[in-house]
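Throughout, protein chains are lettered first and strands after them, A, B, ... in sequence-line order, and every chain is numbered starting at 1. This one's a predicted model, so the numbers in the text were calculated from it and none came from an experiment. No hydrogens, no waters, no symmetry mates; every other heavy atom, side chains included, goes into these values.
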Amino acid sequence: MSGDHGRGDSQVNSGSKGSDTHKHKDKHKDKEHRHKDHKKDKEREKFKHSNSEHKEHSEKKHRDKDKERLKHSDSSSDKHRQKHKDRDKDKRREEKIQSSHLEKPKREKENGYVRDRSPAGIKSEPEEDNGFYPSPQHNKSSRQEYDDEEYEYKPKKVKLEHDKKAKKRKHEYDEDEEDEGIKHKKKIKDKKGTDGKKVKKEEEEKWKWWEEERYTDGSKWRFLEHKGPVFAPPYEPLPGKVKFYYGGKPMKLSAPAEEVATFFAKMLDHEYTTKDIFRKNFFKDWRKEMTSEEKSVITDLNKCDFSEMSEYFKAQSEARKQMSKEEKQKIKEENERLLQEYGFCIMDNHKERIGNFRIEPPGLFRGRGDHPKMGMLKRRIRPEDIIINCSKDSKHPKPPPGTKWKEVRHDNKVTWLASWTENIQGSIKYIMLNPSSRIKGEKDWQKYETARRLKKCVDRIRAQYREDWKSKEMRIRQRAVALYFIDKLALRAGNEKEEGETADTVGCCSLRVEHIKLYPKLDDQEYVVEFDFLGKDSIRYYNKIPVEKRVFKNLQLFLENKQPEDDLFDRLNTSILNKHLQELMDGLTAKVFRTYNASITLQQQLKELTCSDDSIPAKILSYNRANRAVAILCNHQRAPPKTFEKSMQNLQNKIDEKQNQLSAARKQLKAAKADHKASHDDKSKKAVEMKRKAVQRIEEQLMKLQVQATDREENKQIALGTSKLNYLDPRISVAWCKKFGIPIEKIYNKTQREKFAWAIDMADKDYEF
DNA sequence: AAATTTACTTAGGAACATCTTA
DNA sequence: TAAGATGTTCCTAAGTAAATTT
């Protein structure tokens with residue numbers, strides 16, 4: 001069913017990246033932005049020096065928004081009223097459906113189940129020999145349940161005796177007849193590791209969190225200890241000889257003003273320092289850092305000359321490159337030391353890697369796309385801004401001498417170790433664990449299990465939304481059409497965002513009239529919808545796609561009497577949609593469709609594209625192509641690498657060269673054969689064999705190069721990484737590798753293998769998503 | 001029930017490291 | 001052995017969605 005969509009692969013090429021094409025729509029908003037401006041200034045001022053008072057800024061936003069809202073209120077507010085009126089009826093209907101279709105009893109998300117971990121216990125993750133040592137299993141190692149056949153992720157109260165240590169299992173709902181089998185496998189694995197001597201030990205020490213139970217009471221950990229974040233190095237004033245000029249005259253800046261100036265100087269080569277908004281925002285924020293004298297002198301950014309600073313930094317980075325081996329080594333060691341000290345935490349009984357233990361340094365904000373705040377000063381974060389999260393009974397991190405944390409709390413319902421509020425959007429930033437950590441891995445696994453549950457009921461859901469296209473209620477039709485897009489095109493949900501705070505981008509629910517065009521007939525196709533909008537990160541989504549007649553008619557209806565800047569789905573938002581989805585399947589949200597469609601597409605493409613008697617490189621090409629199909633579906637684009645053309649050319653040269661070699665080798669072979677025919681002696685026979693082999697070898701090499709070229713060409717503006725990392729159930733890939741004898745390293749690099757350790761360990765060649 | 005806040009996933013590009021090649 | 005290509009990691013912005021507040 002999932003392949004049914006006939007996904008076009010045309011969209012990527014047809015759309016160029018970037019926002020130039022999208023200038024148009026600002027018209028309306030422009031006004032609003034402008035009139036908001038003075039407020040925004042105030043807002044910024046607040047953040048400026050007084051870091052402690054971030055809170056209020058939001059009030060302001062809201063006032064602004066209220067105004068905006070009034071403008072459009074007629075439609076939108078009554079749209080909501082309407083919605084709610086209808087809700088009950090609707091709900092009842094859906095409930096009925098749900099109960100008749102839901103194949104499984106609702107899974108309890110949290111069932112009061114608790115891991116047994118002694119709070120202060122410290123068992124570390126292996127890896128290096130640094131102090132902590134793991135005793136992965138013995139403390140308890142009750143194991144998490146998954147049954148082999150389904151690999152289900154069940155937050156159950158079940159323990160599975162996969163090995164010697166787990167003794168009991170209290171069943172709830174396991175139908176694991178497969179259990180015996182799995183027990184077996186596990187045992188073997190646990191004992192031996194998969195290969196060799198050295199690995200063996202390591203493997204045994206690797207903590208297999210996926211074999212343990214999970215918390216089911218909503219808590220994320222029992223014990224958490226860490227050293228706190230690493231702060232950005234303090235500002236180092238420029239040497240006196242590096243001057244800043246204003247109106248051609250050298251001018252010594254105060255340290256704060258100078259620091260901000262250096263941020264600008266460092267970006268001088270970048271295009272966005274030429275952008276008006278960027279310059280304006282920068283200048284405004286810069287002036288706030290100036291002394292009053294500086295402020296009175298420096299009134300025009302255009303008179304500022306940062307070029308000496310800029311040169312200085314270029315020289316610095318050049319010098320860094322030229323550093324001697326030893327110096328580089330020293331830096332590396334220092335980094336390693338920092339990593340060892342701050343890069344890990346102890347969560348429950350294990351030492352885990354932290355994802356981002358460094359605080360973001362100050363600088364100029366560069367949003368993606370046409371961002372209204374580009375160029376604003378991103379404030380330096382101090383200990384006083386940081387909230388620390390750790391367990392009460394841990395050794396609390398200490399703030400740098402002479403400073404204090406903003407707060408130390410002990411909240412085990414969240415996963416972060418530290419947080420602070422950022423001054424550009426007023427949002428919270430977090431320090432969290434690495435993807436290889438248990439806490440991230442469990443979540444990831446769970447995500448794929450939810451997607452797999454969707455697989456089981458997607459037919460039903462599709463049938464339902466198709467039915468809903470005919471509903472007499474507008475909101476239901478809109479919901480159904482939106483869902484169709486989300487399903488078929490893997491669009492994102494499209495939360496609403498505050499205008500003027502961020503770049504103007506949309507997702508499904510926030511599509512506007514101006515983002516689609518309808519063609520009753522286009523070329524030889526009927527009912528074509530053309531999408532053209534900027535999505536997340538201001539990446540353009542461009543796609544022409546034939547849809548079903550009923551969808552088309554509905555779209556026409558939705559467009560009636562609307563302006564280009566009006567919402568296409570005026571009676572829908574993500575929260576309504578997700579509520580609906582939740583009723584269709586426990587845990588279902590809009591983004592699950594993306595995961596589901598991505599993974600199912602990979603699986604199906606792999607099945608379709610892989611030939612078992614292909615060479616390994618050819619198989620990998622197939623894998624990449626399957627991966628690529630997904631990336632295209634998800635619209636994961638990249639700017640073509642700067643050196644793309646050149647590197648392509650290089651490769652082509654190599655191919656040509658190889659081709660020459662090949663014909664030469666063939667000639668030699670022929671000659672050898674002739675020779676052999678003439679002499680019939682042993683030596684000449686050997687020569688023929690040699691030549692034959694040579695030809696074969698070269699042919700192989702040529703093939704490999706050609707495959708590589710194809711792969712690269714096809715990948716010009718497509719990024720495979722995002723889908724691989726976030727959307728594709730790793731077990732599919734692992735199974736594929738096992739099935740076709742591809743070493744996993746060909747597919748996943750080291751980091752990826754760490755992230756997907758759970759999948760690599762548990763999926764066998766027959767895994768089915 | 002709307003608005004806001006919080007937590008966490010997803011994202012592309014820059015920086016950096018490492019391999020390859022001239 | 002330096003320069004260039006390629007692969008990896010880091011960085012942090014920008015989403016989603018749930019939780020909390022109003």
N or O in side chain of A:Thr643 less than 4.0 angstrom from C:dG4 OP1/OP2: no

In whole Å, I'd like the distance from the NZ atom of A:Lys646 to the C1' atom of C:dG4. 7 Å

CG of A:Asp444 versus P of B:dT9: gap in Å, rounded? 8 Å

For A:Asn281 and A:Met374, indicate whether the former's side chain and the latter's backbone hold a donor-acceptor pair under 3.5 Å. yes

Residues in salt bridge (charged side-chain N to carboxylate O under 4.0 Å, His left out) with A:Lys429, at least two apart? A:Glu360

Measure from the side chain of A:Arg358, starting at C-beta and using heavy atoms only, and say which of B:dA7, C:dA5, C:dC11 lies closest. C:dC11

Whole-Å distance separating the CH2 atom of A:Trp416 from the P atom of B:dA7: 6 Å

Looking at A:Arg594, I'd like to know whether one of its side-chain N or O atoms comes within less than 4.0 Å of OP1 or OP2 on B:dA11. yes

Sugar-phosphate means primed atoms, P, OP1 and OP2; the rest is base. With that split, encode nucleotides 13-20 of chain C 5' to 3' as B, S or - using protein heavy atoms under 4.0 Å. BBSBBS--

Any residue meeting salt bridge (charged side-chain N to carboxylate O under 4.0 Å, His left out) with A:Asp711, in chain and number order, not counting sequence neighbours: A:Arg628

Of B:dT9, B:dA14, B:dT6, the nucleotide closest to the side chain of A:His270 is B:dA14

Return whichever of A:Asn356 or A:Gln752 has its heavy-atom-nearest nucleotide of DNA chain C closer to the 5' end. A:Gln752

Please tell me which of the listed nucleotides, B:dG12, B:dG13, B:dC8, lies nearest to the side chain of A:Thr722? B:dG12

For the pair A:Glu327 and A:Lys330, find out whether any cationic side-chain nitrogen is under 4.0 Å from an anionic carboxylate oxygen. no

With sequence neighbours excluded, what pairs up with A:Glu341 under the salt bridge (charged side-chain N to carboxylate O under 4.0 Å, His left out) test? A:Lys227, A:Arg337

Residues passing the salt bridge (charged side-chain N to carboxylate O under 4.0 Å, His left out) test with A:Lys447, sequence neighbours excluded, are A:Asp444

A:Lys406 side-chain N/O to A:Trp420 backbone N/O, donor-acceptor pair under 3.5 Å: no

Hey, what's the ring geometry for A:Trp209 with A:Trp758, parallel, tilted or perpendicular (30° and 60° as the breaks)? tilted

Residue that, paired with A:Lys373, satisfies salt bridge (Lys or Arg N to Asp or Glu O under 4.0 Å) out of A:Glu422, A:Glu498, A:Glu501: A:Glu501

Distance check needed: C:dT12 P versus A:Ile381 CD1, whole Å only. 11 Å

Nearest whole Å is fine: how far is B:dT6 C1' from A:Ile387 CD1? 11 Å

Please encode protein proximity along nucleotides 16-22 of chain B as a string of B, S and -, counting only heavy-atom distances under 4.0 Å. --S--S-

What is the distance, to the nearest angstrom, from the CG atom on A:Asn389 to the P atom on B:dA7? 9 Å

At 4.0 Å (heavy atoms only), tell me whether A:Tyr727 reaches a base, stays on the sugar-phosphate, or touches nothing. sugar-phosphate

